[in-house]
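Here's the structure, in structure tokens; my notes come after.
As the structure lists them, so they are numbered: ligands from 1, and atoms in each ligand from 1. Bear in mind that the values here come from a model prediction, so they are computed numbers and not experimental data.
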Amino acid sequence: MNYRKRFTVPSTAKIDLTKIDPDSTAEFKSKKHALAKLNENTKLLTELQYKLYAESKQSLLIVLQAMDAAGKDGTINHVMAPMNPQGCRVCGFKAPSTEERAHDFLWRIHKQTPKNGEIVIFNRSHYEDVLVARVHDLVPKKIWSRRYEFINDFEKMLVAHNTKIVKFYLHIDKQEQLSRFMKRLDIPEKQWKISDSDYSERAYWEQYREAFEEALSRCSTKHAPWYVIPANHKWFRNLAVSEILVETLKSMRMRIPEPSVDLDEIRKLAEKETR
Ligand code: ATP
Ligand code: MG
């Protein structure tokens, strides 16, 4: 089945995340069964990104949002690995600086959108301004409640500039988050990742869920869909994201440009030299 259809958030009704199983692995029983597909997607991503870069007429923006420890970093690692670094870039968004806060919330975002031929992954994004900003009352409701509309208009404008947009919400449950935090505590190489806020934000799980539900429902549009990816199993999360990216890139129908020089002429010159 087409993964884009399967995991997309319908724009018609409000999504209920408690009804979506974060443990799902679709038609795959185990990682072993999915290996062939994972490898095939890796190869396809390399080829498709090469085409996008060569054509240089369109771009792809990938937005990643999730609760802490849901695997944004792991997903980025997996998705970027097959790609040529010359044509792709990751951009993380932390709490805005004083300078950024003195502008509208999309100012810092717009500067990082992809140029023709490029793939950009947003590790967090403008959606933080209707997530953390809402959960922690960083701005009054009067302000954040208008942002959904501004986001939709902004994304529509990017699409008009040939930027394809895909947005992933990595869906884990509260129990899985806790067990990942516990693992981090026990593995010395992972301890540096732990921050105070990770744990304290758990107390706001329900508020974040509601904020996500509203953002996903109101901002999943035909031109910039949201996908909810079951992410309790890392291998399935990677598979589903790569599958949707492959399907998306294929739908963009990139074409490698015709050569801009007379190949016969150059071939003749080269052959002369080898004689
Ligand atoms: P990791 O923990 O995996 O290194 P991260 O993305 O969680 O990556 P952190 O430095 O832990 O990075 O968190 C970034 C913080 O910035 C988050 O708490 C997030 O909510 C906050 N943030 C991002 N955008 C905004 C925003 N627009 N307004 C307020 N806070 C924001
Ligand atoms: Mg963090």
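- Under a 4.0 angstrom heavy-atom cut-off, Pro96 registers as being in contact with ligand 1.
- Remark: ligand 1 and Arg124 share an N or O pair separated by less than 3.5 Å (distance only, no angle test).
- Under a 4.0 Å criterion applied to the non-hydrogen atoms of Val132, ligand 1 contributes the atoms 20 (O), 28 (N), 29 (C), 30 (N), 31 (C).
- Only one option out of Lys14, Arg134, Arg209 pairs with Glu214 in a side chain to side chain donor-acceptor pair (under 3.5 Å); it is Arg134.
- Proximity of a side-chain donor or acceptor of Arg147 to a complementary backbone N or O of Asp129 within less than 3.5 Å is detected.
- Inclusion of Ala95 in the set of residues having an N or O under 3.5 Å from an N or O of ligand 1 is warranted.
- The shortest N or O to N or O distance between Ser195 and ligand 1 is not below 3.5 Å.
- Paired with Glu201 under the rule side-chain contact (heavy atoms from CB on, under 4.5 Å), one option of Tyr199, Trp205, Tyr204 passes, and it is Tyr204.
- Ligand-side atoms of ligand 1 in range of Phe93: 23 (C), 24 (N), range being under 4.0 angstrom from any heavy atom.
- Residue contact check: Leu138 has heavy atoms under 4.0 Å from atoms 29 (C) of ligand 1.
- Note on residues 52-63: no pairs pass salt bridge (Lys or Arg N to Asp or Glu O under 4.0 Å), not counting sequence neighbours.
- Between the side chain of His233 and the backbone N or O of Thr25 there is no donor-acceptor pair closer than 3.5 Å.
- Not a single donor-acceptor pair under 3.5 Å links the side chain of Gln177 to the backbone N or O of Ile172.
- Leu185 belongs to a hydrophobic cluster whose remaining members, ordered by chain and number, are Ile194; membership requires side-chain heavy atoms of ILVMFWY residues under 4.5 Å apart, directly or through intermediates.
- Annotation for ligand 1: atoms under 4.0 Å from non-hydrogen atoms of Asp68 are 7 (O).
- Listed by number with element, the atoms of ligand 1 under 4.0 angstrom from any heavy atom of Arg108 are 24 (N), 25 (C), 26 (C), 27 (N).
- Using bins of under 30°, 30° to 60° and over 60° for the plane-to-plane angle, the ring pair Phe212/Tyr169 lands in the tilted bin.
- When each atom of ligand 1 is checked for a heavy atom of Asp129 under 4.0 Å away, the hits are 27 (N).
- In terms of N/O distances under 3.5 Å, ligand 1 is not approached by Asp198.
- Proximity of a side-chain donor or acceptor of Asp173 to a complementary backbone N or O of Asp23 within less than 3.5 Å is not detected.
- Selection from Glu100, His126, Glu128 by nearest heavy atom to atom 25 (C) of ligand 1 gives Glu128.
- Residue Asp73 has at least one nitrogen or oxygen atom sitting less than 3.5 Å from a nitrogen or oxygen atom of ligand 1, judged on distance alone.
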